[in-house]
Structure formats: C-alpha cells, structure tokens
Amino acid sequence: MLAYTLRRLFSMIPLLILVSVVVFSLAHLMPGDPFSGEIDPNNTSTDYIEEMREKLGYNDPITVQYKRWVTNFVQGDLGKSTTYKKPVLDVIVERLPNTIFLALAALIITYILAFILGMYSGRKPYTVGDNLIATFNYTGIAIPQYIIAIVAIYFFAFQLGWLPSNGSVTPGLEEGTFAYWNDRMLHVILPAITLGLFSTASYTQFLRNDIIQNSEMDYVRSARARGTSESHIYNQHILRNSIIPLVTFFGFDLATLIGGAIITETIFTYPGIGMLFIDSVNTRDYPVVMSLTLLFSLLTLVGNLVSDLLYGVVDPRIRY
Amino acid sequence: MKESPYDKKLLEIKNLQTGFIMDGKLHNAITDIHMDVKPKEVVGVVGESGCGKSVLSLSIMQLLPMANSKIAAGEILFNGKDLTKLPDKEMRHIRGKDIAMIFQEPMTALNPVFTIGFQLKEALFNHIAISKKDAREKAIHLLRQVGISRPDKVVNEYPHQLSGGMRQRVMIAIAISLHPKLLIADEPTTALDVTVQAQILELLNEIQNEEDMAIMLITHDLGVVAEMADRVIVMYAGQIVETSNVINLFHSPKHPYTEALLNSIPKIDEDISKLHTIQGIVPSLQNMPKTGCRFADRCPKAFEDCSKITPKLAEVVDGHHARCLLYEQCYPNPSNKQEGVNL
Ligand SMILES: Nc1ncnc2c1ncn2[C@@H]1O[C@H](COP(=O)(O)OP(=O)(O)OP(=O)(O)O)[C@@H](O)[C@H]1O
Ligand code: SF4
Ligand SMILES: [Mg+2]
C-alpha cells in the first residue's frame with residue numbers, strides 16, 4: 001500500500017506541471033496584469049511604470065517568469081496578494097479553516113442523511129416513503145445550488161429567523177468559548193445544507209438502487225437459506241457491499257465540496273477560500289487566483305488517490 | 001399398504017402449484033406436484049432447463065422471489081408442518097437448521113466482502129447459542145470435514161481467494177453445520193469442472209452416510225442420478241411425468257420423455273454422431289397447452305388422444321408412476337375417457 005501510494009503521488013507530478021503551465025498561461029492571457037494591483041494610482045508616469053515592471057521581472061522572457069514562479073511556489077512562496085498586500089499563503093491559511101469547517105459539516109450532513117434515507121428506500125422500494133424521498137431527491141438534483149441557497153436564506157433566515165444568513169461568526173464573540181462555537185455552528189448550517197444537498201440527493205438514490213440490486217444477488221438468497229434474518233441481511237450483508245462505492249465517493253467529494261463552496265460561500269458571504277477565489281478574480285489578484293487554482297487541482301488529484309486507497313480498505317478483493 | 005416406520009415421510013408435497021404474476025396474470029411454473037422424501041433417502045429430480053426444478057426447491061424453502069411469485073395451491077408438509085402457512089420467523093428457524101440448501105453457482109453464493117469464517121459462523125449463530133471461540137473451532141472442524149486443507153487458514157480468507165470447487169465445499173459445510181434432516185442441492189455441480197464435479201458428488205455421498213440426512217438432488221444429469229439417487233422424479237414443463245426407484249427408471253422407463261432423456265445420454269460403445277436429442281423446446285409459461293399432454297408436440301409416440309386429453313399421474317406398475325396416455329390408468333376418468341384440463 002505504501003509503495004502504491006508513493007507511486008501514485010509520484011505520478012501526480014507531470015499532471016501538476018501541466019496544470020501549472022495552463023494556469024500560468026491563462027493568467028497571462030487575462031486582461032490587465034498582476035502588476036496592476038501594485039501600481040501607485042497617483043503616479044501614472046510611464047517611466048515609473050516601466051521601472052517597476054523591470055524591477056518586478058515582468059519584462060523577462062515568459063519562460064524565465066514561469067521558472068521563477070514555479071521555483072518560488074515549491075519553496076512555499078506563493079507570491080504576494082495584490083489586494084491584501086501580504087503573502088498569498090497567509091491569506092489562504094487565514095480562510096482555509098472556515099472552508100474546512102463548512103466542508104466537514106456538509107460531509108457529515110450528507111453521509112448521515114444519505115445513509116438513513118437510502119437504507120430506508122432500498123429496503124422498502126416503491127412504497128410511499130420511498131416515493132417521497134425520491135421526489136425530494138430529484139427536486140434537489142434538478143434545482144441549481146444558488147436558487148436553493150436563496151430560497152433557504154429567504155425562509156430560514158428572513159421569514160423564520162432561525163438561522164443567520166451570512167458570515168461565519170457573529171463579530172465580538174470571544175474565540176474558544178461555547179457561545180463562539182455554537183454561533184459558528186449556527187452560521188454553517190444553511191451553507192452546509194445547501195452545499196451538501198446535491199450529494200445527499202444523489203448518494204441517497206445511489207445507495208437505494210445499489211441496495212435493491214444487491215438484494216437480488218445470489219449471496220442474499222444463500223444467506224436467507226441458512227436462516228439469516230432480514231435485518232442482518234440488510235444491515236450486514238447488503239450494506240457492507242453497498243458501502244464500497246459510497247466510501248470511494250468520499251475522495252471525489254473533497255474536490256467537489258471545495259468547488260461547490262465557491263458558489264455557496266459567495267451567496268452566504270461566508271469567508272472561506274471559495275469566496276476568496278471569486279473576490280480575487282474580481283480584483284484581478286492573480287497570485288491568489290493562480291495559487292487557489294493549483295490548490296483545487298491538487299485537491300482533485302489527492303481526492304482521486306484517497307478514493308482509490310479507501311477502495312482498497314473497504315473492498316477485500318482489492319489489495320494494493 | 002401397511003405403515004412401517006420406514007414409510008414415515010420427512011417431506012410431503014401435495015398438489016403444489018407455484019406461479020409467477022406476469023402482466024397481471026398468474027402463470028404457473030409448476031402444477032400438480034405430489035411427491036415425498038423419506039428420512040435418509042436420496043431423491044433425484046431431473047428434467048430439462050426451465051421445467052421448474054428450481055421453482056420447486058425454492059417453494060420448499062419459501063425463498064421464491066418476493067416480487068412476483070405466488071404459491072397458488074397445495075401443501076408442503078415438513079415433519080407434518082405446512083411450510084406454506086408458517087410465519088416468516090418460524091420458517092427462518094427451519095431454514096439452515098432442519099432444511100438446508102446449496103445452489104448451482106458457488107462463485108456467487110458467498111458474500112464477497114465477508115470471510116468464509118464469518119459466513120460459516122453466521123449459520124451457527126442464527127440457530128444456536130454458541131460462543132465466538134467455539135463457533136470458530138466448529139467452523140474449522142466443518143471445513144476439515146468437507147475436505148478443505150489448512151482449514152484454520154481458509155477460515156480467515158475471502159471467497160475470491162478460493163476456487164469454485166472449494167467454494168462449493170464451503171457451501172456444503174455451511175449447509176451441514178447444524179445437521180439438517182433434509183438437504184436440497186439444486187444442481188450443485190453444474191457450474192464445476194468435470195473432475196471437481198466427481199469430487200463434490202463423492203463428498204455429498206460421504207456426508208449423506210455420515211450425517212444420515214435425506215437429500216433432494218436436483219440435476220439434469222441422469223448419470224449423477226444413477227450414481228446417487230434411491231428414487232427419481234422426472235419433471236417436464238412444470239409437472240412430474242414419471243417417478244420410480246432408480247433401478248426401474250433406468251431399466252424400464254415408462255414415459256416417452258424419460259426414454260428420450262435416457263437415449264440422449266452418450267454411451268461409450270456408441271457412435272457419437274448418432275447421439276439422440278429431443279426435438280423441439282419446452283413450451284414457455286405463457287404458452288402451456290390448455291388441454292392434452294404437455295409433451296405432445298415433441299413426443300415420438302404421440303397419437304390422437306394426446307392433444308385432446310390431459311393425462312394424470314398414475315401408478316402404472318407397482319410403485320412406478322407415469323403421466324402418459326399410453327397407459328390406461330392415466331386417463332383422467334378411465335371409464336369414459338373424459339378430458340381433463342391443465343392448470
Ligand atoms: N422470477 C421469475 N419470474 C418469472 N418466471 C420465472 C421466474 N423464475 C423462474 N421462472 C420461470 O419458471 C420456469 C421454471 O424455472 P426454473 O428456474 O424452476 O427451471 P429449472 O428447471 O430450475 O431450470 P434450470 O435447469 O435451468 O435451472 C421457467 O419457465 C422460468 O422462466
Ligand atoms: S401422452 Fe401422448 S404425447 Fe404425452 S407422452 Fe404419452 S404418448 Fe407422448
Ligand atoms: Mg434451476
């Protein structure tokens with residue numbers, strides 16, 4: 001398993017290089033340049049601009065610039081944010097915990113709901129309960145996330161006033177206290193449900209169909225033939241099989257959740273890296289945009305690896 | 001006939017009729033099944049693919065697909081209890097304990113994500129109070145009993161690590177774990193290599209002797225029947241067409257279908273090019289002839305009455321039953337040769 005993991009990690013390198021070239025080229029093709037943020041708006045003399053460009057290396061050949069960027073990047077120097085005037089790494093690290101908190105909350109909600117609903121539907125297919133769950137799920141899949149977010153804000157925040165609609169915590173609470181964490185919880189619920197809804201709906205339907213499919217397998221019939229009870233058949237024999245694909249989705253979730261967070265965080269003005277990304281695109285903060293894009297790509301690759309490794313853990317037929 | 005303890009019936013099926021609901025209508029897969037199995041007896045059930053052998057055995061186990069199957073009539077008495085009327089919970093106590101079953105496909109019969117030991121021990125836990133440690137020991141012992149070498153290792157292995165023959169041995173070990181009185185073996189060797197087939201049959205034979213259990217052996221291989229069975233039931237298109245002890249069946253078959261089956265076995269001294277096959281195919285559930293003999297289309301001896309009159313199963317010689325109009329006794333009403341109907 002260790003050898004396999006190392007081999008997989010190693011094979012990510014060419015992909016990451018490719019992604020970095022694409023990201024770097026795109027940044028250069030975009031209107032404006034990374035330098036626009038550094039300019040002193042009051043000094044528009046061409047000499048001054050030219051001097052600054054030379055100083056910052058924007059006149060070097062593009063390959064030299066790329067090499068410099070990559071070298072700095074792997075050394076942990078992601079550049080300096082043109083908006084926040086501080087290292088990109090600091091900006092990201094400041095926001096990352098919020099996004100991780102949101103993604104975790106979404107994951108927990110997704111998996112708990114998907115298991116409860118999926119197992120019910122799979123065991124009692126074509127019943128009223130199953131049909132209700134299916135209706136709910138297909139609605140959740142069909143409606144775009146931003147509409148769900150807006151509807152959720154309208155009802156739960158404005159009409160009912162149960163939950164806050166923006167931010168990650170009410171300002172002024174002392175960090176680490178119970179009130180602080182409770183407040184953060186309340187702030188994460190709506191965005192987390194919005195973020196997790198699509199996965200919840202699709203995993204529930206997936207689990208249901210997988211359970212139905214498994215219930216027709218020969219091994220179920222032979223388990224019944226030795227007197228195994230229906231609850232054991234569903235909760236052990238079938239579930240243990242149906243868990244396999246679901247667990248491997250977990251790896252892909254890593255990337256989709258962070259990607260989905262771009263929309264959710266923006267709508268809920270939840271200060272995580274998703275919102276940071278949109279803000280940075282708007283302000284042409286290229287060092288941040290480039291770093292985040294690379295981070296998302298890296299997460300996708302790592303997510304795939306995590307999926308494959310989990311597959312080996314939960315399926316005894318797969319050994320690396 | 002006088003009653004002796006040896007005539008006591010372990011399993012007795014009366015007038016069983018099982019069907020599937022398709023397009024809103026019930027189509028019978030097996031009808032008019034009367035049969036019994038006595039303690040320690042090996043009963044062979046033979047017939048072409050699709051004649052209803054599996055439906056019969058799943059009816060006994062009450063393991064028919066829940067979605068669309070229906071036992072429309074009849075009784076299945078096991079030790080005097082009618083299994084068709086038993087609540088699920090009581091039936092579950094019989095399955096695996098008093099009646100065990102092994103299936104055709106050893107490759108898929110075991111759950112791929114649980115160890116052999118888990119599935120063996122489960123059979124024990126389902127029916128008796130036993131500690132984990134004792135269950136494991138018993139599991140190892142059972143694996144040894146069915147001829148698996150290094151059972152202490154195999155007990156921790158997953159199904160995919162075992163060959164088809166070994167998996168069928170495991171299924172047999174599970175089946176005999178609680179000393180059932182009846183083992184239903186639905187084509188236990190069909191999916192295996194010829195050499196492995198022989199070993200598995202040998203094993204079943206040994207175990208039947210050791211355990212004193214009755215076996216209902218389903219197969220379409222008459223050779224297997226000749227080797228193993230005391231009594232034979234021949235099925236055609238959902239009905240029993242002939243039953244007798246194994247010697248009489250092979251020496252003087254009464255039903256033309258049985259004759260055809262026997263003719264289709266290749267004999268060593270015969271030119272292989274002259275191998276007889278039975279012309280035509282079994283009618284499908286939806287296209288069963290309403291009256292007449294179900295074999296009429298394919299029967300080399302068919303005559304006028306065969307498509308008009310429905311034969312019944314009757315004793316044609318001592319202890320030898322057949323369902324064919326060549327025998328006077330099989331006319332539904334011998335005095336006026338009145339028509340019968342197929343269900
Ligand atoms: N779930 C089902 N739904 C509808 N029809 C079925 C179902 N299961 C079996 N049948 C039909 O019942 C008839 C008897 O099938 P069965 O499986 O008992 O045959 P078999 O004698 O066991 O054949 P084989 O030797 O191929 O195992 C067949 O015509 C089959 O198509
Ligand atoms: S009843 Fe007629 S058709 Fe049927 S088996 Fe006998 S001879 Fe053949
Ligand atoms: Mg069958």
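Keep in mind that what you see is a predicted model, and the values were worked out from it rather than measured. The figures here come from the full heavy-atom set of this structure, side chains too, leaving out hydrogens, waters and symmetry mates.
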*For chain A, the option from Val113(B), Leu178(B), Ile94(B), Ile174(B) that forms the most heavy-atom pairs under 4.5 Å*: Val113(B)
_From NE2 (His160(B)) to CD1 (Ile318(A)), nearest 0.5 Å_ = 9.0 Å
*pair Pro112(B)-Asn241(A): side-chain heavy atoms closer than 4.5 Å*: yes
*Does Arg226(A) offer a backbone N or O that forms a donor-acceptor pair with the side chain of His127(B) under 3.5 Å?*
yes
*chain A: which of Phe114(B), Tyr158(B), Phe125(B), Phe118(B) shares the most heavy-atom pairs with it under 4.5 Å?*
Phe114(B)
*Find the one option among Asp218(A), Thr228(A), Ile238(A), Val314(A) whose heavy-atom pairs under 4.5 Å with chain B are most numerous.*
Thr228(A)
_Option in Gly96(B), Ala100(B), Ala109(B) with maximal non-hydrogen atom pairs under 4.5 Å from chain A_ = Ala109(B)
*asked:* Please check if the number of heavy atoms outside Lys81(B) that lie under 6.0 Å from its NZ is greater than 12.
replied: no
_Neighbour count above 12 (heavy atom, 6.0 Å) for Phe155(A) CZ_ = no
_Which of Leu110(B), Asn111(B), Leu63(B), Asp88(B) touches chain A most, by non-hydrogen pairs under 4.5 Å_ = Asn111(B)
*Verdict with supporting geometry, Leu58(B) and Arg221(A), side chain to side chain contact (heavy atoms under 4.5 Å, CB included)*: CA-CA 10 Å; Leu58(B) 293 174; Arg221(A) 192 179 56 184; 4.0 Å; yes
*Kindly check if the number of other-residue, nucleotide or ligand heavy atoms within 6.0 Å of CE (Met185(A)) is above 12?*
no
*Any idea which of Arg317(A), Arg224(A), Glu216(A) has the most non-hydrogen atom pairs under 4.5 angstrom with chain B?*
Arg317(A)
*asked:* With a sphere of 6.0 Å drawn around CZ of Phe101(A), does it hold more than 12 non-hydrogen atoms of other residues, nucleotides or ligands?
replied: yes
_NE2/His27(B): more than 12 non-hydrogen atoms of other groups inside 6.0 Å_ = yes
*asked:* Can you tell me how far apart CG (Asn126(B)) and OG (Ser229(A)) are? Round to the nearest 0.5 Å.
replied: 7.0 Å
*asked:* More than 12 heavy atoms of other residues, nucleotides or ligands under 6.0 Å from CZ of Phe136(A): yes or no?
replied: no
*asked:* Given heavy-atom pairs under 4.5 angstrom as the criterion, report whether the side chain, backbone, both or neither of Gln236(A) touches chain B.
replied: both
*For chain A, the option from Met107(B), Arg95(B), Gln119(B), Gln161(B) that forms the most heavy-atom pairs under 4.5 Å*: Arg95(B)
*Looking at Ser177(B), Pro180(B), Ala123(B), Pro65(B), which makes the most heavy-atom pairs under 4.5 Å with chain A?*
Ala123(B)
